[in-house]
Amino acid sequence: AVSDQRRMMWEGAAVAAVLLVSGATVAAEVPCLHVPDCSNYYKWLTVNVIGKTWMPNETFAYDGYSLPNLSVSINTMASYQKCRYERETKHKMLQYCVYTMKPSVDAVGQLFTESTCESTTKYGNCLGETAFSLSDLAYLNTSAGVEDYWRRCHPAPGVNATKLNNTLHSWGASIAKMAANESTAGLVKLAVQRSCGDHWESPAQPGAVVMFIVSGILVLLGATSELLSYRSKRATHVAAKGDTSINGEEMPLIATPNRAGSKSSRLSTGQSRVLWYFNPSNNLTELFSVTGARSLSGLDGLKGFSMLWIILGHTALFATFLGVTNPSELKDMGQLTSSYFVASAVFAVDTFFLVSGLLTAYVLASKLRKMKKGLGLGKFFLFVLLRWLRLTPLFSYLLFTFAYVAPVTSKGPFWYKMAYETGFCEKYWWTNLLYINNFVPVKYHEQCMAWSWYLANDVQFYVVSLIIMFVYLRSPKAGSILAVTITVVSVAIGYYLTSAYNLGEDSNESQNVYYDKPYTRIPPYTIGLLIGVALRDTQLKNIRLSGPASVLAQLGCVGSILFIMYIQGSRYNGTEGYDEPLAPLHEYWTKSDYAAYNSLGRLFYSLALGGICILNASGNGGVLHSFLTLPFWEPLGKLTFGAYLIHPILLRIYYYQLKDLYDFDYINVTMTFVGIATLSYGMSMITYVLIELPFDSLLKSALGLNRR
């Protein structure tokens, strides 16, 4: 027992050697232990070895000063304020450093599945492919990103800290040499990255200054329009009393186009019409206006509900990416039935794909039929250009705001993550504006505004929809067959990629090869296209169901969605060893099971959601229709574009400025969700009034279309 304990200490200490290089990524190799509880090995290693044994409590002499050791154990940041106090009051050379340890996917498999782990315990068999998955390790390491953090307050590298650096290298070399004598079976590699300081950037950065100027111009346009509108109304009031001028000037100065697009002023120049489109009062009235009965009612409700669902899912997920203070409690909550609703927020994006496809088919079918010469190549590119012009003004503004303004909004020990993510925008911003960012760069996490993959897919789907609709208008049967074929092929590709790349185990690889690719995500869109043409060209929306049949149809659609969400609970069994906070979840799904769920789950979710759309359009929606057509959904539906783009920026600002890891519980998550959702929609309302609606109105005006 003593020898095993001694071996455990030396083998664990080998991992500490990875901390010997300042500011660089290094690696060390550690054999897997012959211990009964394989599940707790990594946790023991990080907490007891790196957190306590590595650089034990002592005082370093530094230029005549006695520096206190302010290092702390894994996943706590209690020393951050102490470090800042020491730096600001006594030792200006100190800085706070965060060491991020990321086990590789292969390393995790080696650590817990190689033959060196021989025991079978209540935690399961340490042998075999599914003995310990990344999902389990996520709970042990306190973050779904499989990261541990080790923090230390010490002199800045390169600032006369020779003794400290020499100590690091000396200890590291000795431990590495001892580790080299051990067996090489079951080795695990840990990549460690170090980041020091608060990572504060000056607001005077050129990109930030440009965005502040652009924002000022937009506000100035709105204020000018509001002022001229006020003077116009005042002039109208004075004219009613028999006077047509104020201070010698004819009024009004700003034209007010009506619904028919006519002009109501003798001075209705192009400039005045442009200013009218930027008028905040008019745009707010437009935002909060509620239309009457529509043929496709309830879509705003689906969009608004799904957007709130997405924000909730990202709020919870982002906390686990950063790391939490209570990993065992997080694991317990993860096994609760209620947690599957949050985890299933990944399906909410498919709601937008389906609605987008439905509206595209419903509108395009009418427009294309009115074209005498059909859809030629020139008109094809014109439709694509108009789509680009519709999306890009707001998208580009928020893209460069994220790239240049977000980094200067705060600071902190985790703020290096903001600098890291926004740094990719300097290299890849152009891929976003061309809507190819889901292919370039290859790695998902190297994208600028990685969550904008949705927009890239939406534009690419729109291009495909033009082809499908062109075929459909020539032959409805052929167009429908083409849409169904694309759907089936996409599902098959999704099944193959999930199985071939074992995407159930590697979420990072899933994002790279599956999650943001159009050839795996298009089924909801094509289903929406088929529903759209069916509602437009058939008698489907005129079918009326009896009361009981309508209720059964509603229950069938909602029940199918709930089944798809909660069947995930059968993937793991958390009952064995449940009293142990770090007991692993045993995965019962095979590769084929997960591949089927990953590829077919979105398909059946979309079919069920499409059923709800048909019920609402045909007047059979009942309670669902009443809920989804509540008046507040329409303004929320109009703001979903901005809210989708804005809320991840706010989440990053909030989480990356934290001075401590997140304490994950329902109260904290709920409060964070409410705050982020409120701010997201509030900022979305501002951008809608100043950017989205004005530029959309300008585009429609240029095309001679009426402004809604």
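FYI, the numbering just counts along the sequence from 1.
Between the Lys638 side chain and the Glu286 main chain, a donor and an acceptor come within less than 3.5 Å of each other. Of the possible polar contacts, one joining the Lys517 side chain to the Asn438 backbone as a donor-acceptor pair under 3.5 Å is found. In terms of modelled atom types and a separation under 3.5 Å, the side chain of Ser306 and the main chain of Lys303 share no donor-acceptor contact. Between the side chain of Thr224 and the backbone N or O of Leu221, no donor-acceptor pair lies under 3.5 Å. A donor-acceptor pair under 3.5 Å is absent between the side-chain atoms of Ser229 and the main chain of Glu226, judged by distance alone. Remark: side-chain polar atoms of Thr409 are paired, donor with acceptor, to backbone N or O of Ala406 under 3.5 angstrom. Between the side chain of Trp633 and the main chain of Phe627, a donor-acceptor pair closer than 3.5 Å is present. Remark: side-chain polar atoms of Asn283 are paired, donor with acceptor, to backbone N or O of Asn279 under 3.5 angstrom. Between the side chain of Asn457 and the backbone N or O of Asp516, at least one donor-acceptor pair lies under 3.5 Å. A donor-acceptor pair is defined here as one N or O able to donate and one able to accept, closer than 3.5 Å; such a pair exists between the side chain of Gln460 and the backbone of Tyr435.
Phe288 has its side chain out of reach of Glu634: every pair of non-hydrogen atoms, C-beta onward, lies at least 4.5 Å apart. In this structure, the side chains of Leu455 and Phe395 come closer than 4.5 Å at one or more pairs of heavy atoms. Between Glu692 and Leu639 the shortest side-chain heavy-atom distance does not fall below 4.5 Å. The shortest side-chain heavy-atom distance between Pro694 and Leu218 does not fall under the 4.5 Å cut-off. In this structure, the side chains of Phe318 and Tyr656 come closer than 4.5 Å at one or more pairs of heavy atoms. Using a 4.5 Å heavy-atom cutoff, the side chains of Tyr462 and Leu391 are not in contact. Tyr525 is listed as a side-chain neighbour of Asp458, based on a closest heavy-atom distance under 4.5 Å. Side-chain contact between Asn512 and Val442 is absent, with no heavy atoms from C-beta onward closer than 4.5 Å.
Minimum interatomic distance between Thr629 and Gly298 (heavy atoms only, all atoms of both residues): CG2-N, 3.7 Å. Closest approach of Val689 and Pro280 over heavy atoms only: CG1-CA, 3.6 Å. Across every non-hydrogen atom of Pro518 and Phe439, the tightest pair is CD-CZ, 3.4 Å. Contact detail for Phe641 and Leu394: the closest heavy-atom pair is CD2-CD2, 3.7 Å. Nearest heavy atoms, Ser396 versus Leu433: CB-CD2, 3.9 Å. Residues Val674 and Thr678 approach most closely at O-OG1, 2.7 Å, considering heavy atoms.
The ring pair (Phe, Tyr, Trp, His ring centres under 6.0 Å) with Trp309 is formed by just one residue from the set Phe347, Tyr644, Phe341; it is Phe341. Each of Glu421, His647, Gln657 was checked for a side-chain hydrogen bond (donor to acceptor under 3.5 Å, both in side chains) with Arg652, and the lone residue meeting it is Glu421.
Side-chain contact annotation: Tyr655 with Thr672, donor-acceptor N/O pair under 3.5 Å absent. A donor-acceptor contact closer than 3.5 angstrom is absent between the side chains of Ser410 and Tyr654. At a cut-off of 3.5 Å, with distance as the only test, no side-chain donor of Tyr444 or Ser510 sits close to an acceptor on the other residue. Under the 3.5 Å distance criterion, with hydrogens and angles disregarded, a donor-acceptor pair is assigned to the side chains of Thr351 and Tyr605. Checked by atom type, the side-chain pair Thr687/Tyr397 shows no donor-acceptor distance below 3.5 Å. Side-chain atoms of Asn437 and Thr431 form no donor-acceptor pair, as typed in the model, at a separation below 3.5 Å.
A distance of 12.5 Å separates CG in Leu679 from CD1 in Ile649, rounded to the nearest 0.5 Å. To the nearest 0.5 angstrom, Met307 atom CE is 11.0 Å from Leu312 atom CG. Atom-to-atom distance recorded for Arg521:CZ and Tyr514:OH is 6.5 Å, nearest 0.5 angstrom.
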### Trace of the side-chain contact (heavy atoms from CB on, under 4.5 Å) decision for Trp451 with Ile310
CA-CA 11 Å; Trp451 61 97; Ile310 289 173; over 6 Å; no
### Task
Could you walk me through whether Lys700 and Tyr277 pass the side-chain contact (heavy atoms from CB on, under 4.5 Å) test, one step at a time?
CA-CA 11 Å; Lys700 291 179 179 179; Tyr277 292 135; over 6 Å; no
### Message
Please determine whether ring-ring contact (aromatic ring centres under 6.0 Å, His included) holds for the pair Phe353 and Tyr454, giving the CA-CA distance in whole Å, both sets of side-chain angles, and the decisive distance to 0.1 Å.
### Response
CA-CA 9 Å; Phe353 285 144; Tyr454 164 80; 4.9 Å; yes
### Message
Working note: Gln447 + Asn432, criterion side-chain contact (heavy atoms from CB on, under 4.5 Å); need CA distance, chi angles, decisive distance, verdict.
### Response
CA-CA 8 Å; Gln447 294 182 35; Asn432 295 72; 5.7 Å; no
### Message
Between Ser215 and Val405, does the side-chain contact (heavy atoms from CB on, under 4.5 Å) criterion hold? Intermediate values first, please.
### Response
CA-CA 11 Å; Ser215 300; Val405 178; over 6 Å; no
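By the neighbour-count criterion of 12 heavy atoms within 6.0 Å, atom CE of Met683 is sparsely surrounded, having that number or fewer from other residues, nucleotides or ligands. Shown here is Leu385, whose CG atom has more than 12 heavy atoms of other residues, nucleotides or ligands within 6.0 Å.
Ring pair Tyr420/Phe424 is perpendicular by interplanar angle, where above 60° counts as perpendicular and below 30° as parallel.
The ring-ring contact (aromatic ring centres under 6.0 Å, His included) analysis of residues 673-704, with sequence neighbours excluded, yields the pairs Phe278-Phe695.
Checked for salt-bridge contact, Arg390 and Asp696 meet the test: a charged N lies under 4.0 Å from a carboxylate O.
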